[in-house]
Amino acid sequence: MEKKDMLRQIPGVDTLLQEPDTVTLCLRYGRQSVTAVIQEEVARVRKKILNCKSQEEGEALLMGLRQQIYMQAEKKNSSSFQRVINATGILLHTNLGRAPFGKRQMEAAYQAMAGYCNLEYELEKGSRGKRQSHYQDLICQVTGAEAAVAVNNNAAAVTLILSALARNKEVVVSRGELVEIGGHFRIPEVMEESGSILRETGCTNKTRIEDYRKVVTENTAAFLKVHTSNYKIVGFTEAPSVEELVEAGKEYRLPVIVDLGSGVLVNLEKFGLSHEPTVKEMLKKGADIVCFSGDKLLGGPQAGIITGKKKYMEIIENHPMMRAMRLDKCTTAVLEATFREYFNEETVWENIPVLKMIGRQKDELKNQAEEIRSALWKSGFRGEIQIQEDTSMIGGGSLPGETLSDFSVSIKPEKESTEAFAAHFRRQSIPIIAQVKNNRVFFHMRTIFSEEKEIFEEILKEVLLSGECL
Ligand SMILES: *Cc1c(COP(=O)(O)O)cnc(C)c1O
């Protein structure tokens, strides 16, 4: 067949639109959207035929046109936001949404979204209520704080605290704590944005309490301590304790603000992790204000939680910027549900997924890996597959350099590059995100929930047995 004849064989847009399969597509996705896909695909096939080298190639393009239209229409209309399976071994993966929710947290979100709610309404009195009322007392009970406020994230919390308490005034920070957290959160820049003036003191590795005292003037508004959550300075180091800072703060009548980063409320040492200061500890030691993220080790929604002395919380809560940073109904509901879980010190380890993952035992992880391998073998997979002891990380800028023991299943692709191989898993109905290293693709067990195991196996089988890649 000549190219000319092949081009003539491409069906017209109107013809395609009248075919029963296309009519069904139009009913589902709308005529306008499907017409656009058809036009694009017809143009694409035309161009490819003009450039193709063999008759077979041209015929294949003609044959595949309808299938392409169908696939493109589906793709264009499928949701961009998707659930994924995290096989990276990074528990708080910022790119994958940080902390996953448990049943009661999800139920709270669903209830908040399903209709109207009492977000700012007092049911007893039948009058206007306070949005913060749903969790303020709970946070105080769980952390021992006098008062609490929540905003959209911890970056917002730090900005708000500084704007409310230190605008046009100096805030003293150690040179060892001028932190950058991923995504452009840099302490010096946040301070500038908040209108406060950074007064650096001490050295990168060593800062003593005298260094803080030395730089206090009548224009000093606060001492700020930033938890170095995503790096460690090791070797010849020194930093004043919170107690020392509090003592100096009292002397000069200056509040001590602590940006804790990750809001840990429980003790993680029993899992071999080093001590991470808890919110309760910081407040008990006398810090005036402690702020932390909702979606790091707390295991809740994206939020910034500010706790501390009532007199400061009142100033913060009444600051005009508060309005621009307030939580929506969905986050409010999930935040309340999260703090409720912490009332029960035993079930919290089961009900907050991040804590549950941290608590998973090696035997369980090994079994899960073996079950997955057996399932693949049973289904006829004959490729090379290994189980190995591995490590996972907390991530999300928490506990840098520390690992949790783990087991992983790894596969070495035979036909293609490791990157191309890993990409197959990301294209599935529930994408699987794996780790690529040493020419192998690793699936970490600790971050694959036991409830996900079966669907994980199904997807693995689908990719590995399709013959596409091995
Ligand atoms: C993570 C972190 C932040 C930013 O918190 P987000 O909730 O991500 O905005 C700020 N400060 C420290 C010390 C952190 O670890």
Side-chain angles (χ1 to χ4, degrees), residues 90-101 135 139 148-163 166 171 173-194 196 198 204 207 222-233 239 242 245 256-265 268 273-279 281-283 287 289-308 316 321-322 324-328 331-332 334-335 338-339 354 393-402:
I90 299 167
L91 275 66
L92 294 170
H93 200 304
T94 300
N95 303 150
L96 304 183
R98 286 202 189 152
F101 293 163
Y135 46 73
I139 298 179
V149 186
V151 291
N152 274 327
N153 51 35
N154 193 33
V158 176
T159 315
L160 178 62
I161 295 167
L162 294 173
S163 287
V171 175
V173 189
S174 158
R175 291 200 170 89
E177 296 174 0
L178 296 174
V179 178
E180 172 181 308
I181 307 290
H184 306 291
F185 178 91
R186 307 174 106 190
I187 286 292
E189 286 162 25
V190 169
M191 292 185 72
E192 199 174 316
E193 217 42 56
S194 72
S196 61
L198 168 63
T204 306
T207 303
F223 290 153
L224 171 64
K225 187 166 180 59
V226 186
H227 186 52
T228 55
S229 23
N230 59 0
Y231 67 98
K232 252 186 185 150
I233 297 179
V242 179
L245 270 176
V256 173
I257 304 165
V258 180
D259 172 10
L260 252 191
S262 206
V264 195
L265 300 180
L268 298 175
L273 294 167
S274 68
H275 184 74
E276 181 85 343
T278 68
V279 180
E281 255 169 55
M282 281 292 157
L283 290 165
I289 298 154
V290 177
C291 65
F292 53 97
S293 286
D295 55 356
K296 290 187 181 171
L297 282 165
L298 183 73
Q302 180 190 300
I305 298 145
I306 311 173
T307 56
I316 291 166
M321 219 148 81
M322 182 69 211
M325 296 177 172
R326 69 183 190 185
L327 301 186
D328 77 312
T331 310
T332 300
V334 183
L335 195 62
T338 306
F339 276 98
V354 174
M393 286 189 291
I394 303 287
S398 306
L399 294 165
E402 293 206 33

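For ligands, and for the atoms within them, numbers begin at 1 and follow the listed sequence.
- A donor-acceptor pair is defined here as one N or O able to donate and one able to accept, closer than 3.5 Å; no such pair exists between the side chain of Thr331 and the backbone of Leu327.
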Sub-3.5 Å pairs, protein N or O with ligand 1 N or O:
{"from": "ligand 1", "atom 1": "5 (O)", "to": "Ser293", "atom 2": "OG", "distance (Å)": "3.1"}
{"from": "ligand 1", "atom 1": "7 (O)", "to": "Asn154", "atom 2": "N", "distance (Å)": "3.0"}
{"from": "ligand 1", "atom 1": "7 (O)", "to": "Ser293", "atom 2": "OG", "distance (Å)": "2.6"}
{"from": "ligand 1", "atom 1": "8 (O)", "to": "Arg98", "atom 2": "NH1", "distance (Å)": "3.0"}
{"from": "ligand 1", "atom 1": "8 (O)", "to": "Arg98", "atom 2": "NH2", "distance (Å)": "3.0"}
{"from": "ligand 1", "atom 1": "9 (O)", "to": "Asn154", "atom 2": "N", "distance (Å)": "3.3"}
{"from": "ligand 1", "atom 1": "9 (O)", "to": "Ala155", "atom 2": "N", "distance (Å)": "2.9"}
{"from": "ligand 1", "atom 1": "11 (N)", "to": "Asp259", "atom 2": "OD1", "distance (Å)": "3.3"}
{"from": "ligand 1", "atom 1": "11 (N)", "to": "Asp259", "atom 2": "OD2", "distance (Å)": "2.7"}
{"from": "ligand 1", "atom 1": "15 (O)", "to": "Ser229", "atom 2": "OG", "distance (Å)": "2.4"}
{"from": "ligand 1", "atom 1": "15 (O)", "to": "Lys296", "atom 2": "NZ", "distance (Å)": "2.8"}

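- Ser194 and Ser163 share no side-chain donor-acceptor pair at under 3.5 Å.
- The backbone N or O of Ser274 sits less than 3.5 Å from a side-chain atom of Glu402, completing a donor-acceptor pair.
- Distance alone, capped at 3.5 Å, is enough to place a donor-acceptor pair between the Asn230 side chain and the Glu180 backbone.
- At least one donor-acceptor pair closer than 3.5 Å links the side chain of Thr278 to the backbone N or O of Glu281.
- Using modelled atom types, no side-chain atom of Ser262 and backbone atom of Val264 make a donor-acceptor pair closer than 3.5 Å.
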